[in-house]
Amino acid sequence: MSAAFPHWHAHVDGWLLIGLIEVAYLWALRRERARRGPGADPPASRRQVAAFSAGVAVLWLASDWPVHDLAEGYLYSVHMVQHLLFTLVAAALLLVGTPAWMARRILGVGRGRAPDGTTRRLTVVRGLSRPVAGLIQFNLVLVLSHWPAVVEATVRYHPLHFVAHAVLLVSAVLMWVPVLSPLPEVARARPPTQMLYLFLQTVVPTVPASFLTFGARPLYRIYETLPRLWGFSALDDQQVAGLIMKVGAGFYLWVVIAAIFFRWYAREERQAAHPDDAPGDDGDVLLWEDVEAELRQLGGKA
């Protein structure tokens with residue numbers, strides 16, 4: 001059956017939750033600025049504030065009309081886009097926008113009982129965000145989130161859908177830590193390891209994406225019962241979702257890999273030209289503008 005595009009309606013619960021995240025972030029910056037006093041370094045750079053706010057905006061985009069409505073009531077392909085916005089875009093931006101002092105307070109660093117100030121939260125984050133653990137935990141959550149029983153349950157029960165999105169987001173933040181960690185206590189991987197790590201992140205999703213793209217019948221029966229848009233059958237919708245998962249997410253991660261490579265290469269060239277200079281840590285930093293620059297470069301070549 002064909003259906004009309006969903007009409008706009010307010011998602012007040014989503015607005016309140018996402019707005020609270022932004023307000024809490026800005027309030028924490030204000031408190032830290034007051035604590036440091038006049039003349040001190042700002043608690044976060046403009047780039048960090050912009051990145052965090054952009055991450056919150058992506059959360060809002062993925063949680064509000066029309067993405068939320070299409071994902072839950074019409075198209076699994078939009079459900080896939082929603083998940084990629086949470087895991088690949090919002091999670092990375094939120095991590096880029098979190099200053100080190102804020103991350104330490106979230107993890108309780110320096111307030112633990114251990115002599116070195118470690119806490120259980122820091123220990124857990126260290127363990128789950130190491131490259132091998134990060135690869136396993138994120139892809140395990142990814143595969144489970146596409147399991148037919150899980151998909152059908154999250155579509156039927158809104159609170160469960162919220163919990164699933166929260167788990168995906170936390171898992172994705174941990175996945176990005178080896179590349180974007182703001183803390184020396186949870187060190188980033190070296191650039192070659194980062195590139196291999198992200199390459200492997202493009203390989204594992206091939207399995208569920210293949211089931212979606214090449215399946216002979218819909219995996220998710222609930223989407224067969226939902227109204228159809230634009231003449232898409234449930235099987236067409238599923239195949240598009242598989243392509244988005246494999247091609248769209250893969251391209252995105254390859255752009256990040258390319259940005260890491262060119263930044264690392266430039267750092268090595270500078271060190272070769274000036275061997276007496278003390279190496280800085282900027283070569284290990286993947287800032288969001290590197291990805292943007294790489295996208296612009298790719299667009300120019302096209």
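- No continuous path of hydrophobic side-chain contacts links Val143 to Leu88 [ILVMFWY only; heavy atoms under 4.5 Å].
- Taking hydrophobic clusters as Ile, Leu, Val, Met, Phe, Trp and Tyr residues chained together by side-chain heavy-atom distances below 4.5 Å, Leu168 does not share a cluster with Val155.
- The local environment of CH2 in Trp15 is crowded, with over 12 non-hydrogen atoms from other residues, nucleotides or ligands closer than 6.0 Å.
- The backbone N or O of Thr202 sits less than 3.5 Å from a side-chain atom of Lys246, completing a donor-acceptor pair.
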CA sep, side-chain torsions, deciding dist, call: Trp65, Asp69, side-chain hydrogen bond (donor to acceptor under 3.5 Å, both in side chains): CA-CA 6 Å; Trp65 180 91; Asp69 301 66; 4.8 Å; no
Tyr74 vs Phe232, side chain to side chain contact (heavy atoms under 4.5 Å, CB included): CA-CA, chis, key distance, verdict: CA-CA 10 Å; Tyr74 297 87; Phe232 269 21; over 6 Å; no
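- Tyr76 places no side-chain N or O within 3.5 Å of a backbone atom of Tyr220 that could act as its donor or acceptor partner.
- A donor-acceptor distance shorter than 3.5 angstrom exists from the side chain of Asn139 to the backbone of Leu135, with no hydrogens or angles considered.
- With ring centers used as reference points, His79 lies 6.0 Å or more from His68.
- For the pair Gln238 (side chain) and Leu219 (backbone), a donor-acceptor distance under 3.5 Å is present.
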Trace of the salt bridge (charged side-chain N to carboxylate O under 4.0 Å, His left out) decision for Glu268 with Arg263: CA-CA 9 Å; Glu268 294 297 316; Arg263 189 177 182 89; over 6 Å; no
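- Relative orientation of the Tyr265 and Phe261 rings is parallel, given thresholds of 30° and 60° on the angle between their planes.
- Note on ring orientation: taking the six-membered ring where Trp is involved, the planes of Trp230 and Phe5 are tilted (angle from 30° to 60°).
- Of all the heavy atoms in Gly55 and Ala90, the pair that sits closest is O-CB, 3.8 Å.
- With Glu152 contributing its side chain and Arg221 its backbone, the two residues share a donor-acceptor pair below 3.5 Å.
- Using bins of under 30°, 30° to 60° and over 60° for the plane-to-plane angle, the ring pair Phe52/Tyr25 lands in the parallel bin.
- The 12-atom threshold is exceeded at CZ of Arg36, counting heavy atoms of other residues, nucleotides or ligands nearer than 6.0 Å.
- Panel note: side chain Tyr197, backbone Val132; no donor-acceptor pair is recorded below 3.5 Å.
- The distance between the ring centers of His9 and His7 does not fall below 6.0 angstrom.
- The residues Arg156 and Glu72 are annotated as not salt-bridged, no charged nitrogen and carboxylate oxygen being separated by less than 4.0 angstrom.
- Remark: the Gln48 side chain and the Thr98 side chain contain no N/O donor-acceptor pair separated by less than 3.5 Å.
- Considering all non-hydrogen atoms of both residues, Val89 and Val58 come closest at CG1-CG2, 3.8 Å.
- Residues Val150 and Phe211 do not share a hydrophobic cluster, clusters being chains of Ile/Leu/Val/Met/Phe/Trp/Tyr side chains in contact below 4.5 Å.
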Intermediate values then yes/no, salt bridge (charged side-chain N to carboxylate O under 4.0 Å, His left out), Glu185 and Arg126: CA-CA 8 Å; Glu185 293 91 340; Arg126 276 177 175 167; over 6 Å; no
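- For the residue pair Leu198 and Val256, the shortest heavy atom distance occurs at CD1-CG1, 3.7 Å.
- Of all heavy-atom pairs between Phe199 and Ile257, the closest is N-CD1, 3.6 Å.
- A side-chain donor-acceptor contact under 3.5 Å links Gln137 to the backbone of Ser171.
- The minimum heavy-atom distance between Ser53 and Glu22, with the atom names listed, is OG-OE2, 2.8 Å.
- No side-chain heavy atom of Arg188 sits under 4.5 Å from any side-chain heavy atom of Val179.
- Shown here for Ser129 and Val186, the closest heavy-atom pair between the two residues is OG-CG1, 3.6 Å.
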